[in-house]
**Student:** 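One structure, as structure tokens, below. Some questions next.
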There are 2 protein chains.
Amino acid sequence: MLQRPDVEPQERTPAAPRLRKLDSFPGSLAARTYQSLREAILHLAYRPGELLRKGDICAELGVSRSPVSEAIARLAAEGLVDVVPQAGTFVARFSMAEIREGAFLREAIELAAIEMIAPAITEEQLVQLRRNIRVQEALVEDADFAGFYKLDAEMHAMILSFTGYRKLGQVAESAWLHVNRARQQVLPVPGRVAATLEEHQAILVALEARDPDRAREELRWHLRQLMTFLVPLERERPDLFDPD
Amino acid sequence: MLQRPDVEPQERTPAAPRLRKLDSFPGSLAARTYQSLREAILHLAYRPGELLRKGDICAELGVSRSPVSEAIARLAAEGLVDVVPQAGTFVARFSMAEIREGAFLREAIELAAIEMIAPAITEEQLVQLRRNIRVQEALVEDADFAGFYKLDAEMHAMILSFTGYRKLGQVAESAWLHVNRARQQVLPVPGRVAATLEEHQAILVALEARDPDRAREELRWHLRQLMTFLVPLERERPDLFDPD
DNA sequence: CCTTTGTAACATGTTAGCATGTTAGTGTGG
DNA sequence: CCACACTAACATGCTAACATGTTACAAAGG
């Protein structure tokens, strides 16, 4: 059993359940197992670098090893776990290279999407965006940061959905996975949420003007702010990062 | 056993081997199986819509059902196969929607990449591109179309690699999967290869000028040409397509 | 005390067989 | 002839157990 020398010893605690029960999800056992594990990893229920024992997952979810192996293979393909054959499976640690790459991809996708939709955005679509921003404003007043991030994500997803490309949201989310996982480790920065809201408002204004160039620039500026907060994380928490 | 009513009956021929042997690949049996199957699907060794029996794959590769199931799960997550639980697993047919979306994604990624590298492209990188185009020129003279497409793909991969983002080539390739599978069904169009070469040369000129806007426009034009040839394919070969 | 070797514990990989659901074909009844 | 029910064949899903490789720890030797 592998112990990574730069990680604290991992005790076999009688684990508090960390995986949502499978009856919460649709599909085959393997598919359900994948969804439950993925969710837990994305929400940092497992620490980056932590050992994931297939046996423990089987016990917690009440399934045998095959569906768990299938699920792990998919998560490995997504870069969310690292499988060391015959030795251990670890929750992937953050990687600044992957974070940068994910941010690049998401930016490429979102800028292309907003450029595509801006010239011909419908009044209906603008109404939806305005509503979302109205809710964001209320959440900022209430200092409800979790709620705000949810609406933030919804706004981005909405813009992608306006392209009519069905999988684009998924692809962008996949690109954002590693960034988003790390983001949860960054303490809230005073003023950042208010600034984010202003950036969203500027994007809306550009879309209302149906100006693709303006929209691109405002969105690009907005997307690039998060990286400025993630970069110090590697210094503060090297244990969570792969040595790139 | 599922028979799709719009597909010809599928006979159980003693199959000519269609999968590359597993000793060609590294890693676990499951990973090797995945690679061999993926390659076969991408090269259209299996017809879109064709039934893939896990049992036949097990027999051909000489492995049991678990590694095959893992491999199929990964391919399903990539959209290369459709699994109908308890009934059958089918090679994914082309989908014009997925093709369009793949082309959009690839364009977004490649345009972002070329915009990023153009201002500071090195002489060494330009040398590599010039070499590639020199070989392309020779292949066009020799009417070696397969060779030409290989150099075409290498040129695109090269540009992506200049970003320094390690997975970008993979991600762009994933986006291009469905497009590329369909492309193989399009007969060579007279003059298209020569036109492609000219487009490549125009991209190189823009990069030599370190002009990101010009490079973007030349690359965008180039990438959009292929779609003009793919659109009629759906009319000519509806059997290969999902009804989107 | 340090190094090397051997072994047990640990974890994943894979196989063989049972469980479950789907589909096609056949037979029976109206 | 057509519709329905039943059954066998087909295909995948999953489990239990064996196979294989890794790692940590203990013991022996220098």
Side-chain angles (χ1 to χ4, degrees), chain A residues 1-13 15 22-23 25-37 46 49-77 81-91, chain B residues 1-13 15 22-23 25-37 46 49-77 81-91:
Chain A
M1 201 288 286
L2 192 63
Q3 290 280 9
R4 286 185 162 175
D6 52 349
V7 178
E8 290 172 10
Q10 306 198 10
E11 300 182 355
R12 290 293 293 273
T13 55
L22 295 187
D23 53 18
F25 305 101
S28 67
L29 277 193
R32 293 159 181 242
T33 302
Y34 165 75
Q35 287 162 70
S36 184
L37 271 171
Y46 294 100
E50 181 173 347
L51 177 62
L52 274 190
R53 292 177 186 85
K54 282 183 186 173
D56 288 354
I57 295 164
C58 296
E60 183 169 343
L61 295 178
V63 298
S64 76
R65 298 258 304 294
S66 277
V68 172
S69 290
E70 269 189 49
I72 296 271
R74 284 181 67 185
L75 292 166
V81 300
D82 297 317
V83 181
V84 183
Q86 312 291 349
T89 294
F90 299 87
V91 176
Chain B
M1 200 287 289
L2 192 62
Q3 290 281 9
R4 285 183 161 177
D6 51 350
V7 178
E8 292 172 8
Q10 306 199 9
E11 301 183 354
R12 292 291 296 269
T13 55
L22 294 187
D23 53 16
F25 304 101
S28 66
L29 277 195
R32 294 161 181 236
T33 302
Y34 165 76
Q35 288 163 69
S36 183
L37 271 171
Y46 294 100
E50 180 173 347
L51 178 62
L52 274 190
R53 291 178 187 82
K54 283 185 185 172
D56 289 351
I57 295 163
C58 295
E60 183 169 344
L61 295 178
V63 297
S64 76
R65 298 259 303 293
S66 279
V68 171
S69 289
E70 266 191 46
I72 296 273
R74 284 181 65 186
L75 292 166
V81 300
D82 296 315
V83 181
V84 182
Q86 310 293 349
T89 295
F90 299 87
V91 176

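Predicted model only: the values in this text are computed from it and were never measured.
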**Student:** Nearest to the side chain of B:Ala30, heavy atoms from C-beta on, is which of D:dT15, C:dT14, C:dT12?
**Tutor:** C:dT14
**Student:** Take the protein atom CG of B:Leu75 and the nucleotide atom C1' of D:dT12, then report the distance between them rounded to whole Å.
**Tutor:**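 Between C1' of D:dT12 and CG of B:Leu75: 16 Å.
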**Student:** What is the distance from CZ of A:Arg53 to P of D:dT22, rounded to the nearest Å?
**Tutor:** 19 Å
**Student:** Take the protein atom CZ of A:Arg65 and the nucleotide atom P of D:dA16, then report the distance between them rounded to whole Å.
**Tutor:**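 Rounding to the nearest Å, CZ of A:Arg65 and P of D:dA16 are 12 Å apart.
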**Student:** Can you identify which nucleotide, out of D:dT15, D:dG13, C:dT12, has its nearest atom closest to the A:Lys54 side chain?
**Tutor:**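 Per side-chain heavy atoms of A:Lys54, the pick is C:dT12.
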**Student:** Quick one: A:Glu70 CD to D:dT12 P, roughly how many Å, whole number?
**Tutor:**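 For the pair A:Glu70 CD and D:dT12 P, the rounded distance is 12 Å.
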**Student:** Would you check if B:Leu37 and B:Val81 make a side-chain contact, meaning some heavy-atom pair closer than 4.5 Å?
**Tutor:** no
**Student:** When you measure from the side chain of B:Leu29, which nucleotide among D:dT12, D:dC14, C:dT15 comes out closest?
**Tutor:**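 Nearest listed nucleotide: C:dT15.
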**Student:** Within a strict 4.5 Å, meaning less than it, do heavy atoms of the A:Leu52 and A:Ile72 side chains meet?
**Tutor:** yes
**Student:** Between B:Gly55 and B:Ser66, just flag the one whose closest nucleotide in DNA chain D comes earlier from the 5' side.
**Tutor:** B:Gly55
**Student:** Measure the distance from CZ on B:Arg74 to P on C:dG13 and round it to the nearest whole Å.
**Tutor:** 12 Å
**Student:** To the nearest 0.5 Å, how far apart are CG in A:Asp56 and CG in A:Leu61?
**Tutor:** 10.5 Å
**Student:** Counting any heavy atom closer than 4.0 Å, what does B:Ser28 reach on the DNA or RNA strands: base, sugar-phosphate only, or nothing?
**Tutor:** sugar-phosphate
**Student:** Using a 4.5 Å cut-off on heavy atoms from C-beta on, say whether the side chain of B:Arg32 contacts that of B:Leu29.
**Tutor:**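 SC-SC contact between B:Leu29 and B:Arg32 confirmed.
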**Student:** To the nearest Å, how far apart are B:Gln86 CD and D:dC14 C1'?
**Tutor:** 9 Å
**Student:** Could you check how far CG of B:Leu52 sits from P of D:dT12, rounded to whole Å?
**Tutor:** 9 Å
**Student:** From C-beta outward on B:Ser64, which listed nucleotide comes closest to its side chain: C:dT14, D:dT12, C:dT12?
**Tutor:** C:dT14
**Student:** We want to know whether B:Ser69 and B:Lys54 form a side-chain donor-acceptor pair, criterion being a heavy-atom distance below 3.5 angstrom.
**Tutor:**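 Note: B:Ser69 and B:Lys54 side chains meet the donor-acceptor criterion.
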**Student:** Separation of B:Tyr34 atom OH from C:dG13 atom P, in whole Å?
**Tutor:** 16 Å
**Student:** Students often get this wrong, so: under 4.0 angstrom with heavy atoms, is A:Thr89 touching a base, only sugar-phosphate, or nothing?
**Tutor:** sugar-phosphate
